[in-house]
Number of protein chains: 2
Amino acid sequence: MATGRTHRLPTRSRGIPEATVARLPLYLRALTALSERSVPTVSSEELAAAAGVNSAKLRKDFSYLGSYGTRGVGYDVEYLVYQISRELGLTQDWPVVIVGIGNLGAALANYGGFASRGFRVAALIDADPAMAGKPVAGIAVQHTDELESIISDNGVSIGVIATPAGAAQQVCERLVAAGVTSILNFAPTVLSVPDGVDVRKVDLSIELQILAFHEQRKAGEEAAQDAAQAGATAPAPARPGRVLPDPAARPTTAGATTGPAPAAATAPVTSADVRDNQGPDGDVPAVMPA
Amino acid sequence: MATGRTHRLPTRSRGIPEATVARLPLYLRALTALSERSVPTVSSEELAAAAGVNSAKLRKDFSYLGSYGTRGVGYDVEYLVYQISRELGLTQDWPVVIVGIGNLGAALANYGGFASRGFRVAALIDADPAMAGKPVAGIAVQHTDELESIISDNGVSIGVIATPAGAAQQVCERLVAAGVTSILNFAPTVLSVPDGVDVRKVDLSIELQILAFHEQRKAGEEAAQDAAQAGATAPAPARPGRVLPDPAARPTTAGATTGPAPAAATAPVTSADVRDNQGPDGDVPAVMPA
DNA sequence: ATGCCTTTGTGAACGCGTGCACAAAGATGG
DNA sequence: CCATCTTTGTGCACGCGTTCACAAAGGCAT
Ligand SMILES: NC(=O)c1ccc[n+]([C@@H]2O[C@H](COP(=O)([O-])OP(=O)(O)OC[C@H]3O[C@@H](n4cnc5c(N)ncnc54)[C@H](O)[C@@H]3O)[C@@H](O)[C@H]2O)c1
Ligand SMILES: NC(=O)c1ccc[n+]([C@@H]2O[C@H](COP(=O)([O-])OP(=O)(O)OC[C@H]3O[C@@H](n4cnc5c(N)ncnc54)[C@H](O)[C@@H]3O)[C@@H](O)[C@H]2O)c1
């Protein structure tokens, strides 16, 4: 019990809206670029264009941090870089562990963008004994057995999960138990964590599916628009299309054509059942233990 | 002109809210897991728990797709899988190209989650001549020169960018010019695209920075809460902390201590200037061509 | 010193997303 | 066939986020 429920109650940080926090890194990046070009000041209009947002939004975002601009001039680049860095907590060093050093984990370990912003890869952890000791990106991979001590010894509070989906929840629990309070999850799974632990997920499949939705919509509108009468021959190169068979027209309760057992036969799934299940994604066959 | 401006006007798809679209893949994943376990039906409460959302939200989401549930029973798993798949456009096959086969690009190419949901890696493209012909994940890498023909020949409409930040905008423009209308960008850059092209970005640095913000907030609260009088010795292991020097107290216009040139000296950055600049992230020194 | 011109900071309006709470629908048992 | 019980579908209210628009602030030229 008490493990689940991502009960996001008014987690009102203090003043800074979540949406603003999510944009600060964007501003910081644009500002850093300006800083490297020795640009002394920048207006909200210019910076907003660089960050790809509305200038009023940017000004309001900055207003939450205080009044750092000069009317008639703009914002001092260096000063703003510092203020945002401080607000985001980047003025200190954050040791990070990556768990699951496979294709993705190794790529992450090799990623230079970590160190450039105050994040330091403190350890690489994998369950495969064959991986132990092998250097990846100049760091020796350590075995999962040492997870707890690594986290404790290095004061790690941020963990990255890049294991298969089936292992993610378990790894997550170990991380949290060891003291990690922020997790970046790459596995296609919904993680259950106690209150006070932040989880952010990066999910390639979801992003692609969202794109596919809009892509289909565009194609549909286009087709519906200029050819409600023409055949299915679209002007654009025809997309190779496998089409799923309709599994059955609206299942009308009492088993019609398709015959899903009379309801009670095939385990009517309990709440606990579902809660535990961390849906796989084609990654692993994943028959979760009850 | 007309290249920039991510002018997201009321892009009202038709009826389905964007927030709902973003959750559909989540539901689909949970439903697929249930389907594999041969669970015939599921209630909104159960499915919501599995997907980590509020049950009312889930029901409202489904209501946009139509009335697919049965009161007193729940939703037919197979039927719902089909309906959501159809809505997301996953009943057809989407050929995808990955541009930039480095650490990340190779990991993506090896990712099994692609094929499992109707996405097919049609080609891997890299600018490095040494990469050409080399097989990655069973597919021969092709040179950037062939980008246009590959996209055209395969009817590719979705492109994944995994190049360094400095090359992303250029690659993006070539993809769009060749017919790609959806882009998933892994490079830490704001991409400018014409109207009608969707861009989604996955940015590791941003995610980590957001986590760091909350992490800092937690640490701050904790410290302020139980030890406004006690020393800085927190119960948790002390975090190693490098602290950035304050670059200068509030720059009071007329150069105070720090001496940023008198404003006009170091190129007061024009709008066009900023718009073109695609801020680097520590990936590449990135001196963008003016 | 004074007025002009640029740009910030923010009040206010609006729209979207979320979650509560409940009436209606339909299955199920007698 | 009717009563009961479960669960959907949604009306409604609320809060967050976005955007407009403008007064105030401050630099700069004269
Ligand atoms: N490769 C990608 O581009 C990509 C993209 C999106 C999501 N993902 C997700 O990221 C995860 C990793 O993907 P991958 O391609 O690197 O897979 P992979 O199989 O190459 O690597 C997984 C690694 O995790 C290790 N591992 C397994 N169980 C573990 C445990 N309990 N503790 C510690 N380590 C454990 C394995 O030994 C292996 O080294 C998967 O969940 C995948 O769905 C990958
Ligand atoms: N590695 C990660 O975990 C990670 C994480 C987040 C973001 N990113 C971003 O993803 C991108 C790629 O990262 P990486 O670690 O794979 O880098 P990498 O240097 O290993 O790979 C980049 C690849 O892109 C190719 N390339 C360069 N210019 C090109 C062009 N114009 N057209 C086609 N291909 C081109 C290079 O030949 C190289 O193979 C970077 O922008 C990086 O910031 C990487």
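Numbered from 1 within each chain, the chains take letters A, B, ... in sequence-line order. Quick caveat: nothing in here was measured; it's all calculated off a predicted structure. FYI, side chains are in, hydrogens and waters are out, and symmetry mates aren't considered; it's all heavy atoms of this structure.
- Rounded to whole Å, atom C1' of D:dC16 lies 16 Å from atom CD1 of A:Ile16.
- Considering only residues two or more places apart in sequence or on other chains, B:Arg200 meets the salt bridge (charged side-chain N to carboxylate O under 4.0 Å, His left out) condition with A:Glu207.
- The distance between atom CG of B:Asp61 and atom P of C:dG19, rounded to the nearest whole Å, is 11 Å.
- With sequence neighbours left out, A:Arg59 forms a salt bridge (charged side-chain N to carboxylate O under 4.0 Å, His left out) with no residue at all.
- Shown here are the side chain to side chain donor-acceptor pair (under 3.5 Å) partners of B:Arg86, two or more places apart in sequence or in another chain: B:Gln83.
- The side chain of A:Ala56 lies closest to D:dC20 when the candidates are D:dT10, D:dC20, D:dT18.
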Sort me out a list of protein N/O and nucleotides 4-8 of chain C N/O pairs below 3.5 Å, or just none if empty.
{"residue": "C:dT7", "atom": "O4'", "partner": "A:Gly72", "partner atom": "N", "Å": "2.9"}
{"residue": "C:dT8", "atom": "OP1", "partner": "A:Ser44", "partner atom": "N", "Å": "2.6"}
{"residue": "C:dT8", "atom": "OP2", "partner": "A:Ser44", "partner atom": "OG", "Å": "2.6"}
{"residue": "C:dT8", "atom": "O2", "partner": "A:Arg71", "partner atom": "NH1", "Å": "2.9"}

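- For the OP1/OP2 pair of C:dG17 and a distance below 4.0 Å, the side-chain nitrogens and oxygens of B:Asn54 include no atom meeting the criterion.
- The distance between the ring centers of B:Tyr75 and B:Tyr68 does not fall below 6.0 angstrom.
- Within the structure, no pair that satisfies the ring-ring contact (aromatic ring centres under 6.0 Å, His included) test touches residues 185-209 of chain B, not counting sequence neighbours.
- One axis for each end of the helix from C:dA1-D:dT30 to C:dG30-D:dC1, each built from five base pairs, and the angle between them comes to 10° at 10° resolution.
- Annotation: ring-ring contact (aromatic ring centres under 6.0 Å, His included) contacts involving residues 42-61 of chain A, sequence neighbours excluded, are absent.
- Listed by chain and residue number, A:Lys218 satisfy the side chain to side chain donor-acceptor pair (under 3.5 Å) test with B:Asp198 (two or more places apart in sequence, or in another chain).
- Qualifying side chain to side chain donor-acceptor pair (under 3.5 Å) partners for B:Asp61, counting only residues two or more places apart in sequence or in other chains: B:Thr20, B:Arg23, B:Tyr27.
- Side chains of B:Glu215 and A:Thr181: a donor-acceptor N/O pair is present below 3.5 angstrom, by distance only.
- Applying the ring-ring contact (aromatic ring centres under 6.0 Å, His included) test to residues at least two apart or on different chains, none of the pairs has a partner in residues 187-211 of chain A.
- Put simply, CZ on A:Phe62 is 10 Å from P on C:dG9, counting in whole angstrom units.
- The CD-C1' distance, from B:Glu18 to C:dG17, rounds to 12 Å in whole Å.
- The separation between B:Tyr64 atom OH and D:dG11 atom P is 10 Å, rounded to whole Å.
- Of the possible polar contacts, one joining the A:Ser43 side chain to the A:Glu46 backbone as a donor-acceptor pair under 3.5 Å is found.
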Which atoms of nucleotides 1-3 of chain C (N or O only) lie under 3.5 Å from a protein N or O atom, and what are those distances?
none

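- Where A:Lys60 and A:Gly66 each meet DNA chain C at their nearest nucleotide, the meeting point lying more 5' is that of A:Gly66.
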